Amino acid sequence: MPVTVKSEREIALMREAGRILASVHEQLGKALRPGMSTFEVDRLGEELIRGYGCVPSFKNYNGYPASICVSVNSEVVHGIPSRRRILREGDIVSLDAGVIWKGYHSDAARTHMVGKGSAEAERLIRVTRESFFVGIRQARAGNHLNDISSAIQAYAESYGYGVVRALVGHGIGSHLHEDPEIPNFSQKKKGIRLTPGMTLAVEPMINIGTWDVRWLKDGWTVVTKDGSLSAHYENTILITDGEPEILSLRKKDGDSHED
């Protein structure tokens, strides 16, 4: 499908979808604790989403069985919640969620530490989040898509991390996945020119080790090939005439970072 430029009405609906998703993520992050099953995380997430009058974007999407993708440690994305998977002190857990509000989607991911963990894991989570903000500095009208991709890669690799190649970000709107694809690594082509009204889901997936990944037998869960830790950070953003607007992040959370 062609890359869509959203109307003011569509942007208003996506802004509300993003606001709701930011609140869901905040509450889920606070609820995480050692001893909690990933099934419980998913159940709480779905309750929160439906409590806001929204529909979970992911539930039954192409057959995915849950509302929240819960990926632990070496799981990059699309971890399937399970009663048997219990979170432990020091685990890192990536929560990827989407909501549909009046026909429009928002999509965002956060990686959290469960209890107290290693400095190495904390650094990975921080740098993955920072790489998103470095990338979206380039998300301005007139720039090209590859400006975002190249900035994310350069920042993450400056820490010696692997930038996942097999999965990418995407456009978003009345469909969860729309054009364009948004790699987190540099392309040979510049990609499309960014225009006000475009809505994008930018989502760095960063590994402590190499960028290689593999799929588990469940057909969904993506893990690092070398067993190293992975982190994921994503927001739905709006291209404007100036700075990009982050639709799925509460204002108080800020968009700055320390290099």
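All figures in this text were calculated on a predicted structure; none of them were measured in a lab. For the numbers below, each heavy atom of this structure counts, side chains included, while hydrogens, waters and symmetry mates do not.
- A salt bridge links Glu245 with Arg15; the closest basic N to acidic carboxylate O contact falls under 4.0 Å.
- Asn207 places no side-chain N or O within 3.5 Å of a backbone atom of Gly209 that could act as its donor or acceptor partner.
- Listed here is the closest heavy atom pair of His105 and Met14: O-CE, 3.5 Å.
- Nearest heavy-atom pair, Lys6 versus Gly173, reported as atom, atom and distance to 0.1 Å: CE-CA, 3.6 Å.
- Thr38 contributes a side-chain N or O that, together with a main-chain N or O of Ser82, makes up a donor-acceptor pair within less than 3.5 Å.
- Using modelled atom types, one side-chain atom of Asn184 and one backbone atom of Glu203 make a donor-acceptor pair closer than 3.5 Å.
- Between Phe133 and Ile246 there is a side-chain heavy-atom pair separated by less than 4.5 Å.
- Side-chain contact between Gln138 and Ile136 is absent, with no heavy atoms from C-beta onward closer than 4.5 Å.
- Residues Glu181 and His170 form no side-chain contact, since every pair of their non-hydrogen atoms from C-beta on lies 4.5 Å or further apart.
- Residues Val5 and Pro196 approach most closely at CG1-O, 3.3 Å, considering heavy atoms.
- Remark: side-chain polar atoms of Ser23 are not paired, donor with acceptor, to backbone N or O of Ile20 under 3.5 angstrom.
- Between the Asn73 side chain and the Ile92 main chain, a donor and an acceptor come within less than 3.5 Å of each other.
- The two residues Ser248 and Asn235 come nearest to each other via the heavy atoms OG-OD1, 2.7 Å.
- A donor-acceptor pair under 3.5 Å is absent between the side-chain atoms of Glu89 and the main chain of Gly115, judged by distance alone.
- Without hydrogens or angle criteria, Ser57 side chain to Val99 main chain gives a donor-acceptor distance under 3.5 Å.
- Looking only at atom types and distance, the side chain of Ser149 has no donor-acceptor partner in the side chain of Gln187 under 3.5 Å away.
- No donor-acceptor distance shorter than 3.5 angstrom exists from the side chain of Arg85 to the backbone of Arg83, with no hydrogens or angles considered.
- Comment: Glu120 does not engage Arg123 in a salt bridge, judged by the lack of any side-chain N to carboxylate O separation of less than 4.0 angstrom.
- When all heavy atoms of Ile152 and Gly135 are compared, the pair lying nearest together is CG1-CA, 3.7 Å.
- Of all heavy-atom pairs between Val114 and Arg33, the closest is CG1-C, 3.8 Å.
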Ignoring hydrogens and angles, write down the donor-acceptor pairs under 3.5 Å from the side chains of residues 59-66, residues two or more places apart or on other chains.
unit_1: Lys59; atom_1: NZ; unit_2: Glu46; atom_2: OE1; d: 2.9
unit_1: Lys59; atom_1: NZ; unit_2: Glu46; atom_2: OE2; d: 3.4
unit_1: Tyr61; atom_1: OH; unit_2: His177; atom_2: ND1; d: 2.8
unit_1: Tyr64; atom_1: OH; unit_2: Ile68; atom_2: O; d: 3.4
unit_1: Tyr64; atom_1: OH; unit_2: Gly79; atom_2: O; d: 2.7

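- For the side chain to side chain contact (heavy atoms under 4.5 Å, CB included) with Thr236, the qualifying choice from Ile172, Val202, Leu249, Leu21 is Ile172, the only one to do so.
- Of the possible polar contacts, one joining the Asp42 side chain to the Ser67 backbone as a donor-acceptor pair under 3.5 Å is found.
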